*Asks:* 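The structure that follows is given in the form of structure tokens.
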Amino acid sequence: PFVIAAGLYATLGIIVYSKNQKSVVNQAFTLLIWSTIFWLTFNYLADTDVDRALLWSRLTYVGSSLIAMFIWYFALLFPKREKKIPWLAHLFGVLLPAAFIILSLGTNLIVEGITQESWGTDIVPGAVNALYPLFFLVFMVGSLVLLIRKYHVLTGIARVQTLFVIYGLLFSMITGF
């Protein structure tokens, strides 16, 4: 399943990027796809490489922090970049994910340790791990709100495309939480 999922994501990312490499929307989508592959890979390794499972578990949080960042940017840019992104949106989109990446890699605050279970590796949550789902949810819901606002003012094919992205994000949120 891992290889199939990673292969499908990689193929989708390559197809979208190759359609228009200069498009910031395509670039943001491709980065979202690669961060998803990054997350999938380290999730897989955390369960299969017991000797390095703590590192892989921490890198899983890095991958999901990158997913949050790139879905935010994708939502800001999709379906096409029409105006300059406000500096506060940039600040929000970079600083929070960067903070969780630093906390994930440089401290025990997100992942304190790991335990081996019959089904794979489980993390021992760090002191601020409980904030992580809230952070991720804020980015997902924020991205959804941005896309819904755009949907209401768009017309034609851009409106339909935005609706598909909204459905995809909703599906990911429902099945992922």
Side-chain angles (χ1 to χ4, degrees), residues 2-44 58-106 110 131-177:
F2 159 72
V3 173
I4 293 169
L8 288 172
Y9 278 116
T11 301
L12 179 61
I14 290 166
I15 290 170
V16 169
Y17 185 70
S18 66
K19 292 279 185 187
N20 185 355
Q21 298 173 6
K22 294 183 180 183
S23 164
V24 292
V25 175
N26 289 17
Q27 292 168 2
F29 183 77
T30 301
L31 289 169
L32 173 61
I33 291 294
W34 286 108
S35 61
T36 303
I37 294 169
F38 184 90
W39 172 77
L40 279 171
T41 301
F42 292 118
N43 257 327
Y44 173 77
R58 289 183 172 159
L59 285 169
T60 297
Y61 280 88
V62 172
S64 58
S65 296
L66 291 172
I67 290 170
M69 181 171 70
F70 292 127
I71 192 67
W72 174 252
Y73 275 102
F74 180 74
L76 286 169
L77 298 167
F78 188 83
K80 63 181 180 177
R81 186 175 183 175
E82 296 174 3
K83 57 185 175 181
K84 189 174 179 178
I85 298 171
W87 69 271
L88 198 54
H90 277 296
L91 198 62
F92 175 75
V94 172
L95 286 184
L96 279 174
F100 276 98
I101 288 169
I102 291 166
L103 290 175
S104 297
L105 288 177
I110 302 292
L131 294 176
Y132 192 83
L134 178 63
F135 148 74
F136 197 80
L137 186 64
V138 164
F139 270 76
M140 294 298 116
V141 171
S143 299
L144 189 60
V145 168
L146 286 171
L147 290 166
I148 290 170
R149 284 183 180 168
K150 289 180 179 188
Y151 172 80
H152 288 297
V153 298
L154 290 168
T155 59
I157 191 79
R159 183 179 170 103
V160 173
Q161 289 173 327
T162 303
L163 185 61
F164 280 118
V165 172
I166 289 168
Y167 285 150
L169 184 54
L170 274 171
F171 178 77
S172 296
M173 290 170 65
I174 292 166
T175 59
F177 275 95

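As the structure is a prediction and not an experimental result, all values here were calculated from the model.
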*Asks:* Which heavy atom of Ile85 sits nearest to which heavy atom of Ala89, and what is that distance?
*Replies:*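 Distance-wise, the nearest heavy atoms are CG2-CB, 3.7 Å.
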*Asks:* Does atom OH of Tyr44 have more than 12 heavy-atom neighbours from other groups under 6.0 Å away?
*Replies:*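 For Tyr44, atom OH is not crowded (no more than 12 foreign heavy atoms under 6.0 Å).
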*Asks:* Please name the pair of heavy atoms, one in Ile37 and one in Ala10, separated by the smallest distance, quoted to 0.1 Å.
*Replies:*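 It is CD1-N, 3.5 Å.
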*Asks:* What distance separates Ser65 OG from Ile102 CD1, expressed to the nearest 0.5 Å?
*Replies:*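 Between Ser65 OG and Ile102 CD1, I get 10.5 Å after rounding to 0.5 Å.
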*Asks:* Please give me the minimum heavy-atom distance between Val25 and Pro79, naming the atom from each residue.
*Replies:*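 Taking Val25 first and Pro79 second, the nearest heavy atoms are CG2-O, 3.7 Å.
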*Asks:* Check this for me: Ile4, atom CD1, are more than 12 non-hydrogen atoms of other residues, nucleotides or ligands nearer than 6.0 Å?
*Replies:*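 Incorrect, the count does not exceed 12.
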*Asks:* Indicate, with yes or no, if the rings of Tyr167 and Phe171 have centres closer together than 6.0 Å.
*Replies:*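 Ring centroids of Tyr167 and Phe171 are no less than 6.0 Å from each other.
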*Asks:* So which heavy atom on Met140 is nearest to which on Ile71, and how close?
*Replies:*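 In terms of heavy atoms, the two residues are closest at CE-CG2, 3.1 Å.
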*Asks:* Under 3.5 Å, sequence neighbours excluded: what are the donor-acceptor pairs made by side chains of residues 156-166?
*Replies:*
unit_1, atom_1, unit_2, atom_2, d
Arg159, NH1, Tyr151, O, 3.0
Arg159, NH2, Tyr151, OH, 3.2
Thr162, OG1, Ala158, O, 2.7

*Asks:* Looking at Gln27 and Tyr17, would you say the former's side chain and the latter's main chain have a donor-acceptor pair under 3.5 Å?
*Replies:*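 No.
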*Asks:* What I'd like to find out is whether the side chain of Val141 reaches to under 4.5 Å of the side chain of Met173, using heavy atoms alone.
*Replies:*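 A side-chain contact under 4.5 Å exists here.
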*Asks:* Using 0.5 Å steps for rounding, measure from the CD1 atom of Ile14 to the CD1 atom of Ile33.
*Replies:*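 Ile14 atom CD1 to Ile33 atom CD1 measures 10.5 Å (nearest 0.5 Å).
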*Asks:* In a check of ring pair (Phe, Tyr, Trp, His ring centres under 6.0 Å) between Tyr61 and each of Phe136, Tyr132, Phe100, Phe42, which one passes?
*Replies:*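 So the option named by the test is Tyr132.
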*Asks:* Output, in order, the C-alpha distance, side-chain angles, deciding distance and verdict of side chain to side chain contact (heavy atoms under 4.5 Å, CB included) for Arg58 and Ile110.
*Replies:* CA-CA 8 Å; Arg58 289 183 172 159; Ile110 302 292; over 6 Å; no
*Asks:* Please report the shortest heavy-atom distance between Met69 and Pro97, naming the atom on each side.
*Replies:*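 So the minimum-distance heavy-atom pair works out to CB-CG, 3.7 Å.
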*Asks:* Atom NZ of Lys84 and atom CG of Leu76: how far apart are they, to the nearest 0.5 Å?
*Replies:*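 Separation between the atoms: 14.0 Å.
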*Asks:* Run the ring-centre check on Phe135 versus Phe139 and record whether the distance is less than 6.0 Å.
*Replies:*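 Yes: the rings meet the under 6.0 Å criterion.
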*Asks:* Nearest 0.5 Å please: distance from the CZ atom of Phe38 over to the OG1 atom of Thr60.
*Replies:*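 Spacing of CZ (Phe38) from OG1 (Thr60) equals 8.5 Å.
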*Asks:* Can you name the side-chain hydrogen bond (donor to acceptor under 3.5 Å, both in side chains) partners of Tyr73, sequence neighbours left out?
*Replies:*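 Tyr73: side-chain hydrogen bond (donor to acceptor under 3.5 Å, both in side chains) contacts with His90.
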*Asks:* Heavy atoms only: give me the nearest Leu40-Ala5 pair and the separation to one decimal.
*Replies:*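 Nearest pair, atom of Leu40 first, then Ala5: CD1-CB, 4.1 Å.
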*Asks:* Are any of the side-chain heavy atoms of Leu146 and Trp72 separated by less than 4.5 Å?
*Replies:*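 Yes; the side chains approach each other to less than 4.5 Å.
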*Asks:* Distance check, rounded to the nearest 0.5 Å: Asn43 atom CG versus Ser64 atom OG?
*Replies:*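 Rounded to the nearest 0.5 Å, the CG-OG separation comes out at 8.5 Å.
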*Asks:* Under the side chain to side chain contact (heavy atoms under 4.5 Å, CB included) test, which residues partner Val16, sequence neighbours left out?
*Replies:*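 Side chain to side chain contact (heavy atoms under 4.5 Å, CB included) list for Val16, sorted by chain: Leu12, Asn26, Phe29.
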